[in-house]
Amino acid sequence: MVCVSHHLLLCATPTKALCCPDPELGIASWNRLKQLVRELGLENPAREQGIVLRTKADCLRICAEGPILLIWPDGVIYGGVTAERIERILREHVIGGVPIEAWVVGRNQFGSDTAELWNGGNRPGSDPQA
């Protein structure tokens, strides 16, 4: 079983363009995120800390300061996530464990057992009895 260390949800190309009115900025941020997750080996199933998942989200309900990046399970929400900022966020926060406070626009406290449930096989929508 593969352990998940983080899930990165990037709201960068919303259909209503409320948080990120420049679609090119959002696309560049998404492409850089994909590239760096691969280059840094964060999606390698053999990674000791667990893999890093990434998802392009249409809306995280923070309709300003986009692109927006939510890092699960930490609950840290970054604003203004340009392609240039992605590498620093990955290196300092995701790998190093230290959020970049100057770029944080919010926090969402997930349940403390959320990561344990996910990594224990009880993924949302799955039947733990199956």
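Both backbone and side-chain heavy atoms feed into the values below; hydrogens, waters and symmetry mates do not. Computed from a prediction, not measured in an experiment: that's the story for all the values here.
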Chemist: What pair of heavy atoms forms the shortest contact from Pro99 to Gly97, and how long is it?
Modeler: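 Closest heavy-atom pair between Pro99 and Gly97: CD-O, 3.6 Å.
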Chemist: I want to check something: taking the side chain as every heavy atom from C-beta on, are His7 and Thr55 in contact at a cut-off of under 4.5 Å?
Modeler: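 In short, these two side chains touch, coming nearer than 4.5 Å.
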Chemist: Quick one: CH2 on Trp72 to CD1 on Ile77, what's the gap to the nearest 0.5 Å?
Modeler: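 Separation between the atoms: 15.0 Å.
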Chemist: Count I, L, V, M, F, W, Y as connected when their side-chain heavy atoms are under 4.5 Å apart, and connections chain through other members. Are Ile68 and Leu90 then in the same cluster?
Modeler: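 Looking at the clustering, Leu90 is in a separate group from Ile68.
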Chemist: Specify the closest pair of heavy atoms between Ser5 and Pro73, including all atoms of both residues, with the distance to one decimal.
Modeler: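 Reported closest heavy-atom pair: O-CD, 3.4 Å.
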Chemist: Would you mind listing the cluster partners of Val98? Hydrophobic ones only (ILVMFWY), side-chain contacts under 4.5 Å, chaining allowed.
Modeler: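 Members besides Val98: none; it forms no cluster.
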Chemist: Which pairs with one or both residues in residues 37-46 pass side chain to side chain donor-acceptor pair (under 3.5 Å), sequence neighbours excluded?
Modeler: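 Qualifying pairs: Gln35-Glu39.
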Chemist: When you group the ILVMFWY residues by side-chain heavy-atom contacts below 4.5 Å and let the links chain together, are Ile95 and Trp103 in the same group?
Modeler: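 In one cluster: yes.
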Chemist: Please report the closest heavy-atom contact between Leu33 and Ile86, naming both atoms and the distance.
Modeler: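 Heavy atoms of Leu33 and Ile86 come nearest at CA-CG2, 3.8 Å.
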Chemist: To the nearest 0.5 Å, what is the distance between CD on Gln49 and NE2 on His6?
Modeler: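 Gln49 CD to His6 NE2: 10.0 Å, rounded to 0.5 Å.
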Chemist: Nearest 0.5 Å please: distance from the CG atom of Leu53 over to the CG atom of Leu9.
Modeler: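 With rounding to 0.5 Å, CG (Leu53) is 9.0 Å from CG (Leu9).
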Chemist: Nearest 0.5 angstrom please: Arg88 CZ to Thr82 OG1, how far?
Modeler: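 Output value for this atom pair is 11.0 Å.
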Chemist: Keeping the roles fixed (side chain from Tyr78, backbone from Ile71), state whether a donor-acceptor pair exists under 3.5 Å.
Modeler: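 A pair under 3.5 Å: no.
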Chemist: How long is the span from the OG atom in Ser29 to the CD atom in Glu84, to the nearest 0.5 Å?
Modeler: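 One finds 7.5 Å between OG of Ser29 and CD of Glu84.
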Chemist: Say whether Val52 and Ile100 are linked into one hydrophobic cluster, either directly or through other cluster members, by side-chain heavy-atom distances under 4.5 angstrom.
Modeler: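 Hydrophobic grouping puts Val52 with Ile100.
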Chemist: Once you round to the nearest 0.5 Å, how far does CZ of Arg85 lie from CG of Leu69?
Modeler: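 Interatomic distance, Arg85 CZ to Leu69 CG, rounded to 0.5 Å: 11.5 Å.
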Chemist: Which pair of heavy atoms, one from Pro45 and one from Val2, lies closest together, and at what distance?
Modeler: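 Where Pro45 meets Val2 most closely, the heavy atoms are CB-CG2, 4.2 Å.
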Chemist: Would Leu42 and Leu36 count as a side chain to side chain contact (heavy atoms under 4.5 Å, CB included) here? Give the steps.
Modeler: CA-CA 8 Å; Leu42 300 177; Leu36 284 170; over 6 Å; no
Chemist: Using a strict 4.0 Å threshold on nitrogen-to-oxygen distance, state whether Glu87 and Arg32 make a salt bridge.
Modeler: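 Answer for the salt bridge query: yes.
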Chemist: Indicate if Val4 and Leu70 have the same hydrophobic cluster label, given that clusters are the connected sets of ILVMFWY residues with side-chain heavy-atom separations under 4.5 angstrom.
Modeler: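 Hydrophobic grouping puts Val4 with Leu70.
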Chemist: With hydrophobic residues grouped by side-chain heavy-atom distances under 4.5 Å, do Ile27 and Ile89 end up in a single group?
Modeler: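 Different hydrophobic clusters.
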Chemist: List the residues meeting salt bridge (Lys or Arg N to Asp or Glu O under 4.0 Å) with Arg107, not counting sequence neighbours, and say none if there are none.
Modeler: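 Salt bridge (Lys or Arg N to Asp or Glu O under 4.0 Å) check on Arg107 returns Glu101.
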